[in-house]
There are 2 protein chains.
Amino acid sequence: MPSPKATVDRVFHALGDPTRRAIVEKLSERPLSVSQLATPLDITLTAVVQHLQVLEESGLVHTEKVGRVRTCRIETAGLAALEQWIDDRRSLWERRLDRLGDLLAESDESE
Amino acid sequence: MPSPKATVDRVFHALGDPTRRAIVEKLSERPLSVSQLATPLDITLTAVVQHLQVLEESGLVHTEKVGRVRTCRIETAGLAALEQWIDDRRSLWERRLDRLGDLLAESDESE
DNA sequence: TTGTTAGTGAAGTGGCAACTTCAGTATCAG
DNA sequence: CTGATACTGAAGTTGCCACTTCACTAACAA
């Protein structure tokens, strides 16, 4: 299992690019072939394949080739890692607000 | 209100950079001054300020200057936008799996 | 077999953004 | 006042990465 840190790095880097985000958005609706992805994106097939490699390495997309056509679909791992990171941040941040709340409560008592 | 699309673009771009993510991670623990942020990051103060500008424009961080010290803290809007995007993707993706499930159920009935 | 479709691989280019330097301006301490 | 701290702003450099071209192979159709 790769370190979660490295995974999160990859996922954020992957989704940092608007074209790759567009690909993920398309694929959350339905699986598509590489050419089907390329057509509306207005970039070359080669570029799309390069994006797909990044997305696959980051666990956001899974692709499988049957015959001469490569079918791409969303994979859960990537988005899950992303969500985990957000949850971690939020829990740290809320814990801090809780402590702050405690302090305020204490000072209320002493009045 | 800016279009959510533009906001999401900004947030993803902001978090695509590892240094900015490190800043957000630090700030989810506690508010910090610009210099306090810069010290462990091993880059110049100027660079940190530039990152902070990006983070502020994307709604991930709020900063406020009092005296000569600028204090930085996490803001909810950015992470919320991110989470919204993830939820949208997941709901599309699950809806698709549901339809798939319905189809399978139907074919079960007809056996 | 010939042609077409679908994708692969290597190699090069251009632009942007992360970072630096340097020269400033306030703020506060002594 | 002097000096130190905490930033600010402009301007330049550099490396990376998104994208391209072109040459290629594999699958399928006629």
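Residue numbers begin at 1 in each chain, while the letters A, B, ... track the order of the sequences.
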**OP:** Could you say whether Gln36(B) or Ile43(A) is positioned toward the 5' end of DNA chain D, judged by the nucleotide with the nearest heavy atom to each?
**Re:** Gln36(B)
Original post:
DNA chain D: Gly67(A) or Arg20(A), which has the more 5' nearest nucleotide?
Top reply: Arg20(A)
Nearest-Å distance for atom pair [atom1]/[atom2], residues [X] and [N]:
X	N	atom1	atom2	result
Leu45(A)	dT25(D)	CG	C1'	15 Å
Leu52(A)	dA18(D)	CG	C1'	14 Å
Glu64(A)	dT8(C)	CD	P	13 Å
Arg68(B)	dT8(D)	CZ	P	13 Å
Asp9(B)	dC16(C)	CG	C1'	16 Å
His13(B)	dA18(C)	NE2	C1'	9 Å
Leu41(B)	dA18(C)	CG	P	14 Å
Leu37(B)	dC19(C)	CG	P	14 Å

**OP:** Please determine if Lys5(A) and Asp9(A) form a salt bridge, counting it only when a charged side-chain N lies under 4.0 Å from a carboxylate O.
**Re:** yes
Original post:
Is a donor-acceptor contact shorter than 3.5 angstrom present between the side chain of Gln50(B) and the base of dT20(C)?
Top reply: yes
**OP:** Spell out, as yes or no, whether a donor-acceptor pair under 3.5 Å connects the side chain of Glu56(A) to the backbone of Gln53(A).
**Re:** no
Between [options], spot the one nearest the side chain of [X], thanks.
X	options	value
Asp17(B)	dA18(C), dA6(C), dT8(C)	dA18(C)
His51(B)	dC19(C), dT8(C), dA18(D)	dC19(C)
Thr44(A)	dT20(D), dA10(D), dA18(C)	dT20(D)

Original post:
Can Leu32(B) be reached from Leu60(B) by stepping across I, L, V, M, F, W or Y side chains whose heavy atoms are under 4.5 Å apart?
Top reply: yes
Original post:
Side-chain N or O of Thr19(A) less than 4.0 angstrom from OP1 or OP2 on dC19(D)?
Top reply: yes
Original post:
Between the side chains of Thr71(B) and Glu64(B), is a donor N or O closer than 3.5 angstrom to an acceptor N or O?
Top reply: no
Original post:
Can the positive tip of Arg89(B) be found less than 6.0 Å from the middle of the six-membered ring of Trp85(B), inside 45° of the ring normal?
Top reply: yes
**OP:** Give one of base, sugar-phosphate or nothing for Ser33(A), where a contact means two heavy atoms less than 4.0 Å apart.
**Re:** sugar-phosphate
